[in-house]
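Okay, so here's the structure we're looking at.
Since we're looking at a predicted model, the values are computed, not measured. When reading the values below, keep in mind they use all heavy atoms of this one structure, side chains included, and skip hydrogens, waters and symmetry mates.
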Amino acid sequence: MPSATAEPACTDAKRAELSAVLQSQLFLRSPSLAHLLSYLCEKAITGESDQVKEYSIAVDVFARPQSFDQDNDSIVRVQANRLRKRLAEYYSTEGSAHRIQITIPVGQYVPIFEEHFISAGSEMPTGAGAENPARQANDEQGTRHPHTANPWILPVAFAGVVILAALALQHWRSRPEPPRPASYPPAPQVIAETATGLPVGQELRILPGVDRSYVDRAGKLWSTDNYFSGGIPVRSPVRHIWRTLDPAIYRSSRQGDFTYEIPLKPGVYELHLMFAETVYGPEEAGGGGEGSRIMNIAANGKPVLSNFDVIADSGGARTADVRVFTDIAPGNDGFLHLSFSSAAGGRAMISGIEILPGVRGRMRPVRIVARDVPYYSNDSHWWSPDIYFKGGQLGSSEAAAVGTDDPELYETERWGHFSYAIPVTPGRYTLILHFVERIFHADHGADSAQGGFERRVFNVFCNGRTIVHNLNILEEAGENRPLLRKITGLEPNPQGKLLLEFEPVSHYATVSAIEVLPQ
């Protein structure tokens, strides 16, 4: 395996590697990513890394106007994530033997040129003689000693193939004719999660009250407001929204008494309704708090939320609140009918509508990785960028975790004193928490202000119940080695959440990834 050296590559070598990457088929087929890579690398090579900002990339590379707002337009984050994956693909294939390799660390835009040593046994030869040794040996056996082959093998093999083909044809002709399908449309197929990902099908995302589309941190496209009748669009000046990396989704809404009639193909869907109270609350323009806005919501005439209070449900104003519903299907007319009506106080409202292909009788799995971009793990599962959190900070490390087939999953963490409010449907769930210890070391821990040594110890609670007590990752797994904690039988609180609280005992709490799986 190649190993990185501490010595940086020279300027000429960096430019030569950049040229090689840009001329590869992977990047020739994607001129936009090639342009982005060229821009970032030139800035790094010429010592202008301090100028590499999300705003400058948007304006210089993607021709966004001077009024570019990164909260409303995530093109740079989305394309940077695509570029990281394209570089990883390149260096796992045709660029695997390159001494210099270009990487863009998660959470950054400045590329790194790493010089790698290739061991003599692993360096691949080039030229006409660079063939697979095993294949070369077989070829030599076949070409140097043709007289040793039995001349009757080919005719006999050919005759055997003909006989087998004839038998297969006879069997096919004699099989009974299958019954003809019914003339009415078949029932919608329920597609459960497989080893390669979530259910596949029609996805729809709507931003009520918005007149332009939006790409979120996960690279998902949200369409402009559509399919509505009644209500008024409302835009809030509030900048920060808790429990989301995408506050732009929650700054707008449709309010009043209104309906959405959304056309859907036959099937089973999972519905996500998104809210954030930006008008009422002790520090908001509308004053008040709980009880200031109460509403009723129905899907195809069936109540899904009654006397719903966003502030009471989310635990405060300016807080993203998501409610999830399974077994959603279009009506006989092919539409999903959503109705929103004011019950008391302020007007009914909605900030986001997300409709995903679902699994009958249970919720789709939730996978969250503590970073600002999505991730595909080695088992082909899709992990959402950090979401539903409050408090703490994101951190990253360039040191690869050991003892795992997927070290990239553990490159980042949320650390501090923080919580996650993960929306789920009624039922029982298995929670898997992924940890890794990068700060504290097996020999000495970390120096404290008193001159001694500290260890990281923390607790994790779910809906007020202790599920992880006095966890010391270093003692249980060692330094830089992943540790998984699996808790089964968890049920949501009355607000439809698994409220996970990470409470420090000594130093800070940490988590790298979270899985919530329906039982």
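- Side-chain contact check for His417 and Tyr508: no donor-acceptor pair (N or O, by modelled atom type) lies under 3.5 Å.
- Side-chain N/O atoms of Glu411 and Ser396 include no donor and acceptor closer than 3.5 Å.
- Atom CZ of residue Arg251 and atom CZ of residue Arg239 lie 4.0 Å apart, to the nearest 0.5 angstrom.
- Between Asp321 and Arg243, no side-chain nitrogen of the basic residue sits less than 4.0 Å from a carboxylate oxygen of the acidic one, so the salt-bridge criterion is not met.
- Side chains of Asp386 and Tyr420: a donor-acceptor N/O pair is present below 3.5 angstrom, by distance only.
- We find the CD1-CG distance between Ile328 and Leu338 to be 8.0 Å, quoted to the nearest 0.5 Å.
- Taking CG of Leu499 as the start and CG of Asn493 as the end, the distance is 6.5 Å to the nearest 0.5 Å.
- Looking at Tyr55, its side chain does come within 3.5 Å of a backbone N or O of Gln66 through a donor-acceptor pair.
- Listed for the Tyr429 side chain is a donor-acceptor partner under 3.5 Å among the backbone atoms of Thr425.
- Ile249 CD1 to Phe275 CZ: the interatomic distance, rounded to the nearest 0.5 Å, is 14.0 Å.
- A salt bridge does not link Glu479 to Arg481: none of the charged nitrogens lies less than 4.0 Å from a carboxylate oxygen.
- Annotation: Phe228 is not in aromatic contact with Phe258 [ring centroid separation under 6.0 Å not met].
- Using a cutoff of 4.0 Å between basic side-chain nitrogens and carboxylate oxygens, Arg465 and Glu501 are not scored as salt-bridged.
- Remark: Glu515 engages Arg367 in a salt bridge (Lys or Arg N to Asp or Glu O under 4.0 Å) (not counting sequence neighbours).
- Without hydrogens or angle criteria, Arg293 side chain to Arg347 main chain gives a donor-acceptor distance under 3.5 Å.
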*Report the C-alpha distance between Arg212 and Leu207 in whole Å, list the side-chain angles of each, state the deciding distance to 0.1 Å, and finish with yes or no for side chain to side chain contact (heavy atoms under 4.5 Å, CB included).*
CA-CA 9 Å; Arg212 61 176 178 174; Leu207 282 184; over 6 Å; no
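- Arg364 places no side-chain N or O within 3.5 Å of a backbone atom of Pro518 that could act as its donor or acceptor partner.
- Between the side chains of Asn472 and Arg456, no donor-acceptor pair is found at a separation under 3.5 Å.
- Residues Asp246 and Tyr214 have side chains that bring a donor and an acceptor to within less than 3.5 angstrom of each other.
- Evaluation of the side-chain contact (heavy atoms from CB on, under 4.5 Å) rule for Gln108 yields Pro105 as partners, not counting sequence neighbours.
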*asked:* Let's go through Gln519 and Thr430 carefully: what are the C-alpha distance in whole Å and the side-chain angles of both, what is the deciding distance for side-chain hydrogen bond (donor to acceptor under 3.5 Å, both in side chains) to 0.1 Å, and is it a yes or a no?
replied: CA-CA 6 Å; Gln519 293 183 189; Thr430 294; 3.0 Å; yes
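- A distance of 11.5 Å separates CE in Met274 from CD1 in Ile206, rounded to the nearest 0.5 Å.
- Here the CG atom belonging to Asp216 is positioned 9.0 Å from the CG atom belonging to Leu221, to the nearest 0.5 angstrom.
- The side chain to side chain donor-acceptor pair (under 3.5 Å) analysis of residues 334-344, with sequence neighbours excluded, yields the pairs Asp257-Ser342, Asp333-His337.
- Ser377 and Trp383 form a side-chain donor-acceptor contact under 3.5 Å, judged by distance and modelled atom types alone.
- Under the 4.0 Å criterion applied to side-chain N and carboxylate O atoms, Glu283 and Arg318 are not assigned as salt-bridge partners.
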